[in-house]
Amino acid sequence: MLSCVTEQSEMVSLLAMPLLMPLMLFGGFYVNADSIPVYFIWLKYLSWFKYGNEALNINQWRNIDDIDCGADNSTCIHTGQQVLQQFNFYEDQFVLNIALLFVLIVGYRLVGFCFLLLRTRKSN
């Protein structure tokens, strides 16, 4: 999408980081999704990192019934369900996360296509 916005490839590299960092930050990698401030909530819904991270975590932890922690660890999480609860992920949203990833793929491609159309019309 960014390469459709600008003519220079160097500009894409400069634009990518400031645009991708908020998506990563609010996508659930670095900040728990439910602790995001209200005025930044909309960013987590635009982030493919959110849906991918949640789907991968649900897939990894949903069938884990026992996590061996050792006898001296009192803060240990004992089941995969507890791991999902800690990150505020819900098992029943697995299919929704996959579907929303596909929606974002199509949506971002359409936005890129619209930018490309605008650029070609300006050059003619």
**Request:** Using atom types as modelled and distance alone, determine if a side-chain donor or acceptor of Gln86 lies under 3.5 Å from a backbone N or O of Gln82.
**Result:** no
**Request:** Answer yes or no: are there more than 12 heavy-atom neighbours, outside Phe115 itself, under 6.0 Å from its atom CZ?
**Result:** no
**Request:** Please check if Leu56 and Val31 belong to a single hydrophobic cluster, counting links between Ile, Leu, Val, Met, Phe, Trp and Tyr side chain heavy atoms closer than 4.5 Å.
**Result:** no
**Message:** I'd like to know if Leu25 and Met17 are part of one continuous hydrophobic network [Ile/Leu/Val/Met/Phe/Trp/Tyr, side-chain heavy atoms within less than 4.5 Å].
**Reply:** no
**Asked** Applying the 4.5 Å side-chain criterion to the ILVMFWY set and letting contacts propagate, would Trp42 and Tyr39 be lumped into a single cluster?
**Response** yes
**Item:** Pairwise distance CG(Asp68) to CG(Asp66) - rounded to 0.5 angstrom
**Value:** 6.5 Å
**Request:** Please collect all salt bridge (charged side-chain N to carboxylate O under 4.0 Å, His left out) contacts where either partner lies in residues 44-63, sequence neighbours excluded, each pair once.
**Result:** Lys50-Glu54
**Request:** Specify the closest pair of heavy atoms between Gly27 and Ser47, including all atoms of both residues, with the distance to one decimal.
**Result:** CA-OG, 3.7 Å
**Request:** Provide the closest heavy-atom pair for Ile64 versus Ile67 in the form atom of the first, atom of the second, distance.
**Result:** CG2-CG1, 3.8 Å
**Asked** Hey, quick one: are Ile41 and Tyr51 part of the same hydrophobic cluster, counting side-chain heavy atoms closer than 4.5 Å, chains of contacts allowed?
**Response** yes
Exercise answer: donor-acceptor pairs, residues 87-111 side-chain atoms, under 3.5 Å, sequence neighbours excluded:
unit_1, atom_1, unit_2, atom_2, d
Asn88, ND2, Asn32, OD1, 3.0
Asn88, ND2, Asp34, OD2, 3.1
Asn97, ND2, Gln93, O, 3.0
Tyr108, OH, Leu46, O, 2.5

**Prompt:** Do Met24 and Tyr30 have side-chain heavy atoms sitting under 4.5 Å apart?
**Reply:** yes
**Message:** Walk me through whether Val83 and Ile77 qualify under side chain to side chain contact (heavy atoms under 4.5 Å, CB included).
**Reply:** CA-CA 7 Å; Val83 173; Ile77 296 175; 3.6 Å; yes
**Request:** Quick one: pull up NE2 in His78 and CG in Asp65 and give me the separation to the nearest 0.5 Å.
**Result:** 14.0 Å
**Prompt:** Looking only at atom types and distance, does a side-chain atom of Asn59 sit under 3.5 Å from a main-chain N or O of Ala55, one as donor and one as acceptor?
**Reply:** no
**Prompt:** Of the non-hydrogen atoms in Phe26 and Ile36, which two are nearest, and what is the gap between them?
**Reply:** O-CD1, 3.3 Å
**Message:** Applying disulfide (SG to SG under 2.5 Å), can you list everything that pairs with Cys69, at least two apart in sequence or on another chain?
**Reply:** Cys76
**Request:** Indicate if Trp48 and Tyr45 have the same hydrophobic cluster label, given that clusters are the connected sets of ILVMFWY residues with side-chain heavy-atom separations under 4.5 angstrom.
**Result:** yes
